[in-house]
Amino acid sequence: MEGLAVIRASRPSIFCSLPGLGGDSQRRPLSDGFLRLPASSSNVADNPKLLSNSASFHHPISAVNVSAQASLTADFPALSELNLKEKRINGEEKPDNIVWHESSICRCDRQQLLQQKGCVIWITGLSGSGKSTVACALSKALFERGKLTYTLDGDNVRHGLNRDLTFKADDRTENIRRIGEVAKLFADVGVICIASLISPYRRDRDACRSLLPDGDFVEVFMDVPLSVCESRDPKGLYKLARAGKIKGFTGIDDPYEAPLNCEVVLKHTGDDVSCSPRQMAENIISYLQSKGYLEG
């Protein structure tokens, strides 16, 4: 529309607090939902129709634009740039306009449907301790019992969700945080989520534990000596770390902090039967049964 700037609002009518509009400074609704501003005084003077429609505009156009923006953002918070800025809450940046929406289906409904209780089985230990092998055995054993599981393997997750992360300290923390958040979602669905990754630092594992209700985070420690893990060396990583080709490798030049109060300890004894992946999986299942996680 020549000579006019038109601002469409998302509601049928908007309110404006511009002094000079409608002859006073009160908030007044514009009946058609549009705010029409003259583009320049010369255009108005050249067009009698525009002049009659704009007689009440007594402020410079720049001032009107500023006031109009202030009024619109006051009435429509979603339009305000302030709502797009982030602030820190408990050390984390969160947008102002994010609101939690409750689902009509609760966790107990989903658990009743699956006839099991959602939880996170967090298997931690050195590289080569058998985490992934036990995770696979556990998933299979539970599947045979008719229980739904999903495994988040540390290497697998780095192929997709966490492929942008390195093995530096900050990225390792972020890697675990993301997996913890995903595992929480699985548990909320009612799935038994098995997370299998080194996760060497207690603070990171404790942070994941804090995401879940009490008891729903089951920490499983693969208590296998470094010498045994290194003798296995399924990926050849210890050899590379010893040669200095890998820096910051857990157990060699970066520490592993063993759990202090984990729910399940799978200790390496050297016995082929008690240390078999299947038997270790059965030990975890026994714990789950005792806590009622295999019931709806």
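This is a predicted model, so every value here is computed, not measured.
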Novice: Is the shortest side-chain N to carboxylate O distance from Arg177 to Asp170 below 4.0 Å?
Specialist: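 Salt bridge: no.
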Novice: Please name the pair of heavy atoms, one in Gly128 and one in Pro234, separated by the smallest distance, quoted to 0.1 Å.
Specialist: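 Scanning both residues, the minimum pair turns out to be CA-CD, 4.1 Å.
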Novice: Can you give me every donor-acceptor pair (side chain of residues 180-188, partner residue at least two apart or in another chain, under 3.5 Å) with its distance?
Specialist:
| from | atom 1 | to | atom 2 | distance (Å) |
| --- | --- | --- | --- | --- |
| Asp188 | OD2 | Arg110 | NH2 | 2.9 |

Novice: Are side-chain heavy atoms of Phe249 and Phe167 found at a separation under 4.5 Å?
Specialist: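 No, their side chains stay 4.5 Å or more apart.
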Novice: Of all heavy-atom pairs between Thr166 and Lys168, which one has the smallest distance, and what is that distance?
Specialist: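 Where Thr166 meets Lys168 most closely, the heavy atoms are OG1-N, 3.2 Å.
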Novice: Sequence neighbours left out, what passes side-chain contact (heavy atoms from CB on, under 4.5 Å) with Thr133? Give chain and number order.
Specialist: Pro277
Novice: Can you list everything that forms a side-chain hydrogen bond (donor to acceptor under 3.5 Å, both in side chains) with Asn261? Sequence neighbours excluded, please.
Specialist: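 Applying side-chain hydrogen bond (donor to acceptor under 3.5 Å, both in side chains) to Asn261 gives none.
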Novice: Whether the side chain of Lys291 engages the backbone of Gly215 through a donor-acceptor N/O pair (distance < 3.5 Å, no angle test) should be reported.
Specialist: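 No: the side chain of Lys291 does not pair with the backbone of Gly215.
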Novice: What's the separation between atom OG in Ser210 and atom CZ in Arg203, rounded to the nearest 0.5 Å?
Specialist: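 Between Ser210 OG and Arg203 CZ, I get 13.5 Å after rounding to 0.5 Å.
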Novice: Decide whether Val218 and Leu152 are clustered together by the hydrophobic rule: side chain heavy atoms of Ile, Leu, Val, Met, Phe, Trp, Tyr closer than 4.5 Å, transitively.
Specialist: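 No, because Val218 and Leu152 fall into different hydrophobic clusters, even though each may have its own neighbours under 4.5 Å.
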Novice: Quick check: does any side chain N or O of Asp271 sit under 3.5 Å from a backbone N or O of Cys275, one acting as donor and the other as acceptor?
Specialist: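 Absent.
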Novice: Got a sec, which residues hit side-chain contact (heavy atoms from CB on, under 4.5 Å) with Leu165, two or more places apart in sequence or on another chain?
Specialist: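 Expected list: Arg158, Asn162, Asp171, Glu174, Asn175, Arg178.
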Novice: If you measure from CD1 on Ile192 to CG on Leu114, what distance do you get to the nearest 0.5 Å?
Specialist: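 Atom-to-atom, Ile192:CD1 and Leu114:CG are 9.5 Å apart.
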Novice: For Tyr293, give me all partners under ring-ring contact (aromatic ring centres under 6.0 Å, His included), at least two apart in sequence or on another chain.
Specialist: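 With sequence neighbours excluded, Tyr293 shows a ring-ring contact (aromatic ring centres under 6.0 Å, His included) to no residue whatsoever.
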Novice: Are the side chain of Gln111 and the backbone of Lys117 linked by a donor-acceptor contact shorter than 3.5 Å?
Specialist: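 Not at all, since once roles are kept as given, no pair shorter than 3.5 Å links the two residues.
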Novice: Quick check: closest heavy atoms across Ser127 and Cys229, and the distance to 0.1 Å?
Specialist: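 Residues Ser127 and Cys229, closest heavy atoms: O-CB, 3.3 Å.
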Novice: Keeping the roles fixed (side chain from Ser139, backbone from Cys136), state whether a donor-acceptor pair exists under 3.5 Å.
Specialist: no
Novice: Using a 3.5 Å cut-off and no angle test, enumerate the donor-acceptor pairs between side-chain atoms of residues 118-126 and protein atoms at least two apart in sequence or in another chain.
Specialist:
| from | atom 1 | to | atom 2 | distance (Å) |
| --- | --- | --- | --- | --- |
| Trp122 | NE1 | Ser199 | OG | 3.0 |
| Thr124 | OG1 | Ile198 | O | 2.7 |
| Thr124 | OG1 | Ser199 | OG | 3.3 |
| Thr124 | OG1 | Tyr256 | OH | 2.8 |

Novice: Applying salt bridge (Lys or Arg N to Asp or Glu O under 4.0 Å), name anything that partners Arg278, two or more places apart in sequence or on another chain.
Specialist: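 If we apply the salt bridge (Lys or Arg N to Asp or Glu O under 4.0 Å) test to Arg278, skipping adjacent residues, the hits are Glu144, Glu282.
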Novice: Going by side-chain hydrogen bond (donor to acceptor under 3.5 Å, both in side chains), name the residues that satisfy it together with Glu219, two or more places apart in sequence or in a different chain.
Specialist: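 side-chain hydrogen bond (donor to acceptor under 3.5 Å, both in side chains) check on Glu219 returns Arg205, Arg209.
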Novice: Any donor and acceptor pair, going by atom type alone, linking the side chain of Asp204 with main-chain N or O of Ile176 inside 3.5 Å?
Specialist: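 Here the side-chain-to-backbone pair does not exist.
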Novice: Decide side-chain contact (heavy atoms from CB on, under 4.5 Å) for Phe221 and Leu266; before the verdict, give the C-alpha distance in whole Å, the side-chain angles of both, and the deciding distance to 0.1 Å.
Specialist: CA-CA 6 Å; Phe221 174 39; Leu266 300 177; over 6 Å; no
Novice: Please report the interatomic distance CD1(Ile246) to CD1(Ile252), rounded to the nearest 0.5 Å.
Specialist: 10.0 Å
Novice: Can you check whether Met280 reaches Met222 side chain to side chain, under 4.5 Å on heavy atoms?
Specialist: yes
Novice: Please say whether more than 12 non-hydrogen atoms of neighbouring residues, nucleotides or ligands are located less than 6.0 Å from OH in Tyr150.
Specialist: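 No, the 6.0 Å shell around OH holds no more than 12 heavy atoms from other groups.
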Novice: Hey, could you give me the CD1/OG distance between Ile285 and Ser290, rounded to the nearest 0.5 Å?
Specialist: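 The CD1 atom of Ile285 sits 12.0 Å away from the OG atom of Ser290.
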Novice: State which residues pass side-chain contact (heavy atoms from CB on, under 4.5 Å) with Phe143; sequence neighbours excluded, sorted by chain then number.
Specialist: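 Counting only residues at least two positions away or on another chain, Phe143 forms no side-chain contact (heavy atoms from CB on, under 4.5 Å).
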Novice: For Asp153, enumerate each residue passing the side-chain contact (heavy atoms from CB on, under 4.5 Å) test, keeping only those at least two apart in sequence or located in another chain.
Specialist: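 For Asp153 the side-chain contact (heavy atoms from CB on, under 4.5 Å) partners, ignoring immediate neighbours, are Ser132, Asp155, Asn156, Ser196.
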Novice: Is Leu148 reachable from Leu113 through a run of I, L, V, M, F, W or Y residues, each pair having side-chain heavy atoms under 4.5 Å apart?
Specialist: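 No, Leu113 does not connect to Leu148 through the hydrophobic network.
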Novice: Mind checking whether Cys106 and Gln112 have side chains closer than 4.5 Å, heavy atoms only?
Specialist: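 Cys106 vs Gln112: side chains apart.
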Novice: I'd like to check Val220 versus Asn283 (side-chain heavy atoms, cut-off strictly below 4.5 Å). Are they in contact?
Specialist: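 Answer no - side chains too far apart.
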Novice: According to a hydrophobic-cluster definition based on side-chain heavy atoms being under 4.5 Å apart (Ile, Leu, Val, Met, Phe, Trp, Tyr only), do Val265 and Phe217 belong together?
Specialist: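 No, it is not one cluster - the side chains of Val265 and Phe217 are not joined through contacts under 4.5 Å.
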Novice: Check this for me, if you would: do Arg242 and Glu230 make a salt bridge, where the nitrogen-to-carboxylate-oxygen distance has to be below 4.0 angstrom?
Specialist: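 Counted as a salt bridge, because a side-chain N and a carboxylate O are separated by less than 4.0 Å.
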Novice: Can you tell me how far apart CG (Asp109) and OG (Ser103) are? Round to the nearest 0.5 Å.
Specialist: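 Nearest 0.5 Å value for the CG-OG distance: 8.5 Å.
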Novice: If you measure from CG on Leu142 to CG on Leu294, what distance do you get to the nearest 0.5 Å?
Specialist: 6.0 Å
Novice: Tell me every residue that passes salt bridge (Lys or Arg N to Asp or Glu O under 4.0 Å) with Lys267, counting only those two or more places apart in sequence or in another chain.
Specialist: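 For Lys267 the salt bridge (Lys or Arg N to Asp or Glu O under 4.0 Å) partners, ignoring immediate neighbours, are Asp223.
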Novice: Ignoring hydrogens, what is the shortest heavy-atom contact between Pro255 and Pro200? Give both atom names and the distance.
Specialist: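 Taking every non-hydrogen atom into account, O-CB, 3.7 Å.
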Novice: Can you list, by chain and residue number, the hydrophobic cluster partners of Tyr201 when the side-chain cut-off is 4.5 Å?
Specialist: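 Taking Ile, Leu, Val, Met, Phe, Trp and Tyr as members, Tyr201 stands alone, with no cluster partners.
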